[in-house]
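Both counts, for ligands and for their atoms, begin at 1 and track the order of listing. Along the sequence shown, residues are numbered consecutively beginning with 1. Values below: all heavy atoms of this structure, side chains included; hydrogens, waters and symmetry mates excluded.
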Amino acid sequence: MKKNLSPGRVLFSALAITVLTLTACSEPKPEIEQRIDEILSQMTVEEKIGQMNQLSYGDVAASSMADDIRAGRVGSLLNIVDPAALNELQRIAVEESRLGIPLVVGRDVIHGFRTIFPIPIGQAATFNPEIVERGAAVAAREARASGVHWTFAPMLDISRDQRWGRLAEGLGEDPVLGAVLGAAMVRGYQGSDMSAPTSIAACVKHFVAYGAAEGGRDYNSTNVPPYLMRNVYLVPFKAAIDAGAATLMTSFNDNDGIPGTGNKALVRDMLRDEWSWDGMVVSDWASVTEMIVHGFAADEREAAMKAANAGVDMEMVSGSYLEHLPSLIAEGLVPQKYIDGSVRNILRLKFRLGLFDNPYTDTSAPSTDYAPEHLAAAKEAALQSAVLLKNDGVLPLAESTRTIAVVGPMADAPHDQLGTWIFDGQKDRTVTPLAALRESLAGRATVLHARGVEYSRDRSTSGIAQAVSVARRADVTIAFVGEESILSGEAHSLADPGLQGAQKELIDQLARTGRPLVLVVMAGRPLTIGDEVKAASAVLYSFHPGTMGGPALADLLLGVASPSGRLPMTFAREAGQIPLYYNHNNTGRPYQGNETMIDDIPLEAAQTSLGNTSYYLDAGAEPLFPFGYGLTYSTFEYSELSLSGDTVPVGGTLDITATLTNTGSREATEVVQLYTRDVAGSLARPVKELKDFRRVKLAPGASTRVTFTLTTDQLAFYGLDGTRRAEPGEFRVWIGPDSSTGLESSFALR
Ligand code: BGC
């Protein structure tokens, strides 16, 4: 048994969590700090506060915006993507304001600027940090050329709720996957030098726990307690900050009564004092003044005071800093040193972006929008993000297939396949699956097309007969179903995340033809599609795949490539099971898998006769598909698990190795996953935790030994004594294809 080493069991309060590890996140540059000192020494209080004010271009009359910039009342703009207009405003800032401080321009570049990549949850399904980094680098290159200096991404909100629309923008339910991919996105956006004309500053958001919205309803309160906050929700943020993230956005939600934008314990005390982070904190859109609506501030003045004292450097659009900070400072309610610290963080960002030396956007540079290499990267990302959930052998389509029916509302939906948050994406550049299949099959096979259902919410069944008649004339039907982009993203939550409209009816009728039916689901979230999976011969799940989704899906369907995506979130069978996630703690009475279900309960059964375990009488306790799950066109076998020892000293490492064999007849990529379980700790630990993963490509018949080196640090967590460390004791370990299965062994940490 593991010993609890905690001497004094501290109450892990919001205050106690401020005394933990100290990490320097980025190297301060003395020459920059010196230039900041010089500027600060010349600034009036009003000019300092002006730097803390961000305006949205287009929401303020052009003339008054120019006047405000000239007077030093604006530090940043968002939502301006016209480089010529920006250059003119920048000229006013640099040449006509007293101190000539350039503006920094932000924009939501979430999964591509012009070339749209799969939505982030889709990118997470690649389990491939290189793909994710490349996608962010492409977005940065296109965005910076349009005058954008700074993106509000990556969104690192862990979500365990399939109803929450914004999970589309996140990296899934797992903290380690989120940490690895979030850090990769930061590297991609920022490059090695943020001042390069191909780089933009990243912004990790939404700080913090926003994805734990009660009931999956956006903006809703969260109640994440301190240990869970540390061990799950903060993990990707810490990793992205360690990777050099330049900025961070506070969240809309109140966690246990404290809105993210007013949370001093987490923003100022933890980020600054504990993590020693020198980046810049921006509020979310009007989240400073929304603290009044929350009931956390009586008026704008109190809201401004609470946000500034909490450590929010820049206020997005709500203007309360400009209005109220002067008197709050004068009255000593906001310390001057906080203001100086905030301005320092803002100026540092501008220096890091090279804006003092090069404030303008080169409007004569040739456009890199949709450069061939950008499109190729977007196609590869879409290809690796699709997850094969079921295949009775119909995929890939046989070469001999002569007639293919392409049906469904998402087969030719150029806007909707781009997904949420595509402010600068252009649907006329989208290549849809219908177009791509027609092109790939030209001269080889006939593609018949009928939508069946016009758009995902369409309840009309009037088009289904035509789709069925097309299906009857084809060797195989591919039905592209899913969600329009508007059904996911900000403020787009669903109480019942199933297929909408008449899509179920369409699938049912297609299945009744008795002919092979392939479902391709393009959606913003994991949908509850148990019945549809049953009805189909094969299911390929593509979260909204972006500009090049069509060619990527065509390659997968036709067998030019084998699917290699894995689920970054658990798929629930039905909404009532949510929240459902793999890395939960155990109950004292876990589900056994053979429980009596509702239809089998004898009449007047005795109260305790069902066994008293943790499950739903009507839905069991298991997901439709587990986290990490995904098939390929080949098969893989795991064997010969070996550990470099059966005990590891604290501070040491352990090699865990298994043989992976491609037992099928095609080359394919397996995502090999390493999980552990800390059997007993000072806190109850999750039943499984992803520790590492690797994409391994193997030719048919080939074998390889896959080794993961597990460090003690990977076993560490914040325990009852408030420190982050690995607690000695017994661990179980798995190498396998997903979170529900694998070869198992154990070791002890001594
Ligand atoms: C969203 C942020 C976004 C901001 C600026 C807010 O509504 O929550 O994620 O970056 O708007 O557009």
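- Scanning the protein for heavy atoms near atom 10 (O) of ligand 1, the closest one is Asp108 OD1, 2.6 Å.
- Among residues at least two apart or in separate chains, salt bridge (Lys or Arg N to Asp or Glu O under 4.0 Å) pairs with a member in residues 164-190 are Glu133-Arg187, Arg166-Glu169, Arg166-Glu490.
- Salt-bridge check for Arg348 with Asp313: failed, with every basic side-chain N at 4.0 Å or more from each acidic carboxylate O.
- In this model, a donor atom of one side chain and an acceptor atom of the other lie less than 3.5 Å apart for Thr115 and Glu142.
- Within the structure, the closest approach of His206 to ligand 1 falls below 4.0 Å when heavy atoms are considered.
- Below 3.5 Å of separation, one finds no N or O of Tyr210 facing any N or O of ligand 1.
- Salt bridge Asp242/Lys238: present, at least one basic N to carboxylate O contact under 4.0 Å.
- Atoms of ligand 1 found under 4.0 Å from any heavy atom of Asp284 (numbered from 1 in listed order, with element): 1 (C), 2 (C), 3 (C), 4 (C), 6 (C), 7 (O), 8 (O), 11 (O).
- His206 pairs by the ring pair (Phe, Tyr, Trp, His ring centres under 6.0 Å) definition with Tyr210, not counting sequence neighbours.
- Interface atoms of ligand 1 facing Arg166, defined by a heavy-atom separation under 4.0 Å, are 1 (C), 2 (C), 8 (O), 9 (O).
- Judged by a 6.0 Å distance limit and a 45° cone about the ring axis, Arg107 is not positioned over the six-membered ring of Phe423.
- Near Lys205, the atoms of ligand 1 lying under 4.0 angstrom from a non-hydrogen atom of the residue are 2 (C), 3 (C), 9 (O), 10 (O).
- Residue contacts with ligand 1 include Met249, since one of its heavy atoms falls under 4.0 Å from the ligand.
- Taking every heavy atom of Phe152 and a limit of under 4.0 angstrom, the matching atoms of ligand 1 come to 10 (O).
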